[in-house]
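By convention here, the first residue in the shown sequence is residue 1.
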Amino acid sequence: AELVTPDRNEQLRMLDTANQRLAQALRQLQENFRERLNWCDGRLQQLHPARLLRDRAQRLDEMETRLRQVLRTALQARNAHLKELQARLRQHSPVQRLALLKAAAQGLRQRLAFAARQQLTTLKNRLAVAVRTLDTVSPLATLDRGYAILTDAISGTVLISIQTIKPGQPLHARLADGRLLARVEEITKKDEN
């Protein structure tokens, strides 16, 4: 009966060993399931639409930031180029050139006006000298000193010699303050004095 029936202690020990192995296998299985569950959960988190959407939104934000930076840089470059072109345009602008030419023309006008005034003053002075000189040799100035200019009353020619005059001939005498009509009464030659 002892051979047929196993030893109870041996059976309990075997049962206890089997129980420990079973518990160990269950723990191992549970650990495996937990790891698999964690992996699946992680994978699910990675593939979850909200996560994908968040990732895409973050990527979109990054791209938008980069795009804004690129656009800002490009805009700054364009603005700098535009300012350079505007400066070059102002340098070659007909308006600026016209302003310079107007200023030069104004300066030339002033110089011309000054030169004209100087020339006019010079000419006035020369004219005054010429008038004084002419007055000194003018027959009219001679009239002021008591002389007269005699002309034939008919022809109006100036008489410079007694050879062309006859007694009784009418003459005009021009004096400093007017004219008079005279008649020749007598003719005396120079050597007859």
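- In this structure, the separation between CG on Leu29 and CG on Leu22 is 10.0 Å, given to the nearest 0.5 Å.
- Taken to the nearest 0.5 Å, the CD atom of Glu84 stands 13.0 Å off from the CG atom of Asn79.
- Between Leu150 and His172 the shortest side-chain heavy-atom distance does not fall below 4.5 Å.
- Around atom CD1 of Ile160, no more than 12 heavy atoms belonging to other residues, nucleotides or ligands sit under 6.0 Å away.
- Residues Leu85 and Leu89 have side chains not in contact (no heavy-atom distance under 4.5 Å, counting atoms from C-beta outward).
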Notebook entry, point to check: Going through the distances and angles, do Thr122 and Arg126 end up as a side-chain contact (heavy atoms from CB on, under 4.5 Å)?
Noted result: CA-CA 6 Å; Thr122 302; Arg126 285 177 59 194; 4.2 Å; yes
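- Atoms CG and OG1, from Asn125 and Thr121 in turn, are 6.5 Å apart once rounded to the nearest 0.5 Å.
- Side-chain atoms of Arg183 and Leu171, non-hydrogen and from C-beta on, never get closer than 4.5 Å to each other.
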Next item on the list: Start with the C-alpha distance between Ile162 and Lys189, add both sets of side-chain angles, then the distance that settles side-chain contact (heavy atoms from CB on, under 4.5 Å), and finish with yes or no.
Entry: CA-CA 7 Å; Ile162 59 170; Lys189 292 188 180 179; 3.4 Å; yes
Checklist line | Arg27 vs Gln30, side chain to side chain donor-acceptor pair (under 3.5 Å): CA-CA, chis, key distance, verdict | finding: CA-CA 5 Å; Arg27 278 194 300 270; Gln30 185 180 14; over 6 Å; no
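- Interatomic distance, Phe33 CZ to Leu26 CG, rounded to the nearest 0.5 Å: 10.5 Å.
- Lys166 contributes atom NZ, which lies 9.0 Å from atom CD1 of Ile187 (distance to the nearest 0.5 angstrom).
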Check: Can you list the steps and then say if Arg72 with Leu75 is a side-chain contact (heavy atoms from CB on, under 4.5 Å)?
Finding: CA-CA 5 Å; Arg72 190 178 303 118; Leu75 186 60; 5.7 Å; no
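- A donor-acceptor contact closer than 3.5 angstrom links the side chains of Arg109 and Gln106.
- Ionic pairing of Glu64 and Arg68 is present here: one or more N-O contacts between side-chain nitrogen and carboxylate oxygen are shorter than 4.0 angstrom.
- Counting heavy atoms from C-beta outward, Val158 and Ile149 have side chains that approach closer than 4.5 Å.
- In this structure the side chain of Leu120 reaches within 4.5 angstrom of the side chain of Lys124, judged on heavy atoms.
- You'll find the side chain of Gln169 reaches within 4.5 Å of the side chain of Asp152, heavy atoms only.
- A 4.5 Å side-chain heavy-atom check between Phe114 and Arg111 finds every atom pair outside the cut-off.
- Gln24 and Arg21 are not linked by any side-chain donor-acceptor pair at a separation below 3.5 angstrom, with hydrogens and angles left out of the test.
- Residue Thr164 comes nearest to Ser161 through the heavy atom pair OG1-O, 3.1 Å, listed as atom of the first residue, atom of the second, then distance.
- Interatomic distance, CD of Glu31 versus CG of Asn38, reported as 8.5 Å (0.5 Å rounding).
- You'll find the side chain of Asp55 stays beyond 4.5 Å of the side chain of Arg59, heavy atoms only.
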